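Presented below is the structure to which this report refers.
Keep in mind it's a predicted model, so treat the numbers as computed, not measured. Note that ligands are numbered from 1 as they come in the structure, with each ligand's atoms numbered from 1 the same way.
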Amino acid sequence: MYKEHISVLLNECEEYLLHKPDLDYLDITFGGGGHYFSFLESGKIKSALGLDQDIEAYNNGKKKIEASKFSDIANIKHINFGSFVKDNTLKFDSILGDIGVSSHHFDSDERGFSFKREADLDMRMNTTEGEKASDVLNSLKENELADMFYHYGEERLSRKIAARIVEKRRENKIIKTSELEEICFLAYPKHMRHKKPHPATRVFQALRIYVNDELNILEQSIPGLLDALKPGGRLGLISFHSLEDRIVKHSFRKAYQNDQDKYAILTKRPLIATDEEVSKNPRSRSAKLRVIEKK
Ligand SMILES: C[S@@+](CC[C@H](N)C(=O)[O-])C[C@H]1O[C@@H](n2cnc3c(N)ncnc32)[C@H](O)[C@@H]1O
């Protein structure tokens with residue numbers, strides 16, 4: 001069963017990306033298809049292609065598309081958008097990326113994305129290839145682990161946590177979410193252990209980003225996504241933490257600075273969720289949408 005995912009910044013995405021009729025639309029992060037089907041319902045879509053590297057999202061999406069009234073104009077591919085842009089020759093009027101993991105991942109009892117659920121530490125969005133989080137934890141050198149927690153999690157106790165991991169794994173491999181959660185918890189001084197965010201939050205985020213190579217793929221894909229825009233086409237990217245948003249902001253600015261006649265940044269500041277949206281969906285609190293247009 002694909003777990004429900006509430007789409008973030010849906011109104012803002014529609015306002016910026018459904019900017020004309022007869023759109024060829026690409027959704028590079030299909031997920032539960034929330035944005036994708038809302039866009040289709042607008043009546044402004046001529047064709048809709050969805051991508052997702054997660055096989056469960058893909059299978060669920062394929063079924064939903066086939067059962068929908070849009071089956072003749074809608075399509076989905078099981079692919080990483082980083083690979084897609086390398087060979088892509090198609091052009092689109094609207095491209096949306098809602099980067100990162102879905103609630104389906106966090107709420108899954110098997111995938112190991114959340115320290116709130118006991119599971120094997122896997123964390124791969126594409127479960128058909130690549131190293132699991134537990135492989136990474138049990139093989140990287142202490143300084144590599146510390147650097148990962150620091151750079152991808154902005155974790156200030158990165159060295160202490162890495163040292164504890166190396167000490168623990170000498171006895172037994174670290175396999176379960178609860179084992180990693182406990183290591184992080186005990187690495188924090190007593191007076192900080194019960195503060196928010198939970199001591200394991202940043203380490204889990206860092207491991208997930210590392211396992212899925214999220215930041216490199218995002219950065220390397222943006223030029224290809226811009227190439228895939230038709231004249232007058234728009235690219236909107238939603239990010240969920242400062243590391244991603246920085247990449248989107250700098251990549252858009254670079255494209256604009258390299259060719260000011262070709263690009264316009266439509267969001268001088270990122271669009272964020274209204275108080276009303278945050279109260280209904282707390283996950284939207286950290287979402288930021290930036291949109292660029294090709295002239
Ligand atoms: C936040 S969810 C998207 C939710 C969707 N917009 C909705 O409203 O239902 C992100 C999805 O993108 C997928 N994803 C993340 N990075 C990807 C990548 N590099 N290539 C393809 N899919 C990716 C994840 O597997 C996940 O299903």
Side-chain angles (χ1 to χ4, degrees), residues 1-14 16-18 25-42 48-65 68 74 76-88 94-108 110-114 122-130 205 208-222 224-225 228 235-241 243-245 247-248 273 277 280-289:
M1 249 291 273
Y2 196 82
K3 302 251 168 50
E4 190 170 335
H5 177 93
I6 308 173
S7 301
V8 301
L9 298 173
L10 183 58
N11 293 337
E12 292 79 0
C13 289
E14 295 195 338
Y16 277 83
L17 296 178
L18 296 177
Y25 160 53
L26 171 67
D27 188 329
I28 62 170
T29 52
F30 181 92
H35 290 98
Y36 183 89
F37 282 106
S38 284
F39 275 32
L40 279 165
E41 288 291 348
S42 73
L49 175 60
L51 315 177
D52 208 297
Q53 64 172 330
D54 181 315
I55 192 74
E56 290 172 0
Y58 166 79
N59 285 335
N60 179 62
K62 196 159 178 53
K63 269 193 220 139
K64 267 183 155 173
I65 287 172
S68 78
I76 182 167
K77 283 184 200 272
H78 178 225
I79 190 167
N80 190 306
F81 62 73
S83 310
F84 175 84
V85 292
K86 281 187 191 145
D87 306 321
N88 173 51
S94 273
I95 303 180
L96 173 63
D98 176 14
I99 306 301
V101 283
S102 66
S103 308
H104 174 73
H105 291 129
F106 282 124
D107 296 344
S108 158
E110 294 110 45
R111 311 277 297 262
F113 283 98
S114 168
D122 186 326
M123 295 197 189
R124 290 169 303 163
M125 286 189 232
N126 182 353
T127 47
T128 62
E129 60 181 43
Q205 173 188 302
R208 192 202 88 204
I209 290 175
Y210 182 91
V211 164
N212 296 289
D213 200 18
E214 290 176 37
L215 300 182
N216 291 325
I217 290 174
L218 175 64
E219 188 165 20
Q220 288 158 14
S221 301
I222 292 177
L225 293 171
L235 166 65
L237 292 174
I238 302 173
S239 60
F240 287 88
H241 52 78
L243 301 167
E244 282 172 348
D245 183 55
I247 290 174
V248 176
E277 178 172 359
K280 284 187 194 145
N281 179 15
R283 199 175 161 267
S284 66
R285 198 183 327 109
S286 47
K288 288 187 174 151
L289 169 67

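In terms of protein heavy-atom proximity, atom 12 (O) of ligand 1 is closest to Thr29 CB, 3.2 Å. The protein heavy atom nearest to atom 16 (N) of ligand 1 is Gln53 NE2, 3.4 Å. When hydrogens are left out, the protein atom nearest atom 19 (N) of ligand 1 is Asn80 OD1, 3.0 Å; that is the closest non-hydrogen contact.
Per-residue contacts place Asp98 under 4.0 angstrom from the following atoms of ligand 1 (heavy atoms of the residue considered): 1 (C), 2 (S), 3 (C), 4 (C), 5 (C), 6 (N), 10 (C). Listed by atom number, the atoms of ligand 1 under 4.0 Å from Ile28 heavy atoms are 21 (C), 22 (N). The contact set between ligand 1 and Gly34, taken as ligand atoms under 4.0 Å from a residue heavy atom, comprises 7 (C), 8 (O), 9 (O). The Asp54 neighbourhood of ligand 1 comprises atoms 25 (O), with distances under 4.0 Å to a heavy atom of that residue. Remark: ligand 1 atoms within the under-4.0 Å shell around heavy atoms of Ser7 are 7 (C), 8 (O).
His105 counts as a contact of ligand 1, since one of its heavy atoms falls under 4.0 Å from the ligand. Residue Gly100 places a heavy atom under 4.0 Å from ligand 1. Judged by the shortest distance from any of its heavy atoms, Leu96 lies outside the 4.0 Å radius around the atoms of ligand 1. Using a 4.0 Å cutoff on heavy atoms, Phe84 does not count as a contact of ligand 1.
Salt-bridge formation is not detected for the pair Arg208/Asp122: no Lys NZ or Arg NE/NH1/NH2 atom is positioned less than 4.0 Å from an Asp or Glu carboxylate oxygen.
Residue-level proximity to ligand 1 for Phe30 is carried by the backbone, the only part with a heavy atom below 4.0 angstrom. Proximity of Met125 to ligand 1, defined as any heavy-atom pair under 4.0 Å, is confined to the side chain (atoms from C-beta onward). Residue Leu218 does not touch ligand 1, judged by heavy-atom distances below 4.0 Å.
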Would Arg111 and Glu56 count as a salt bridge (charged side-chain N to carboxylate O under 4.0 Å, His left out) here? Give the steps.
CA-CA 12 Å; Arg111 311 277 297 262; Glu56 290 172 0; 3.1 Å; yes

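Counting heavy atoms only, Asp52 comes closest to atom 27 (O) of ligand 1 of the residues Val101, Asp52, Asn60.
By the 4.5 Å heavy-atom criterion applied to side chains, Tyr36 and Leu40 are counted as neighbours. With a 4.5 Å cut-off on side-chain heavy atoms, Phe39 and Cys13 count as touching.
Classification of the His78-Tyr58 ring pair by plane angle, with boundaries at 30° and 60°, yields tilted.
Distance check: Ile247 CD1 to His241 NE2 gives 8.5 Å after rounding to the nearest 0.5 Å. Within the model, atoms CG of Asn59 and NZ of Lys62 stand 9.0 Å from one another, a figure rounded to the nearest 0.5 Å. The CG atom of Leu96 sits 9.0 Å away from the OG atom of Ser7 when rounded to the nearest 0.5 Å.
Of all heavy-atom pairs spanning Phe84 and Lys77, the tightest one is CE1-CE, 4.2 Å.
Some N or O of Phe81 is nearer than 3.5 Å to an N or O of ligand 1, by distance alone. Residue-to-ligand polar distances place Gly33 within reach of ligand 1: an N/O pair is separated by less than 3.5 Å. Residue Ser102 places no N or O, backbone or side chain, under 3.5 Å from any N or O of ligand 1. The distance criterion of under 3.5 Å between nitrogen or oxygen atoms is not met by Ala57 with respect to ligand 1.
In this model, no donor atom of one side chain and acceptor atom of the other lie less than 3.5 Å apart for His104 and Asp54. Gln53 and Asn80 form a side-chain donor-acceptor contact under 3.5 Å, judged by distance and modelled atom types alone.
For the pair Arg285 and Phe240, the cation-pi criterion (under 6.0 Å, within 45° of the ring axis) is not fulfilled.
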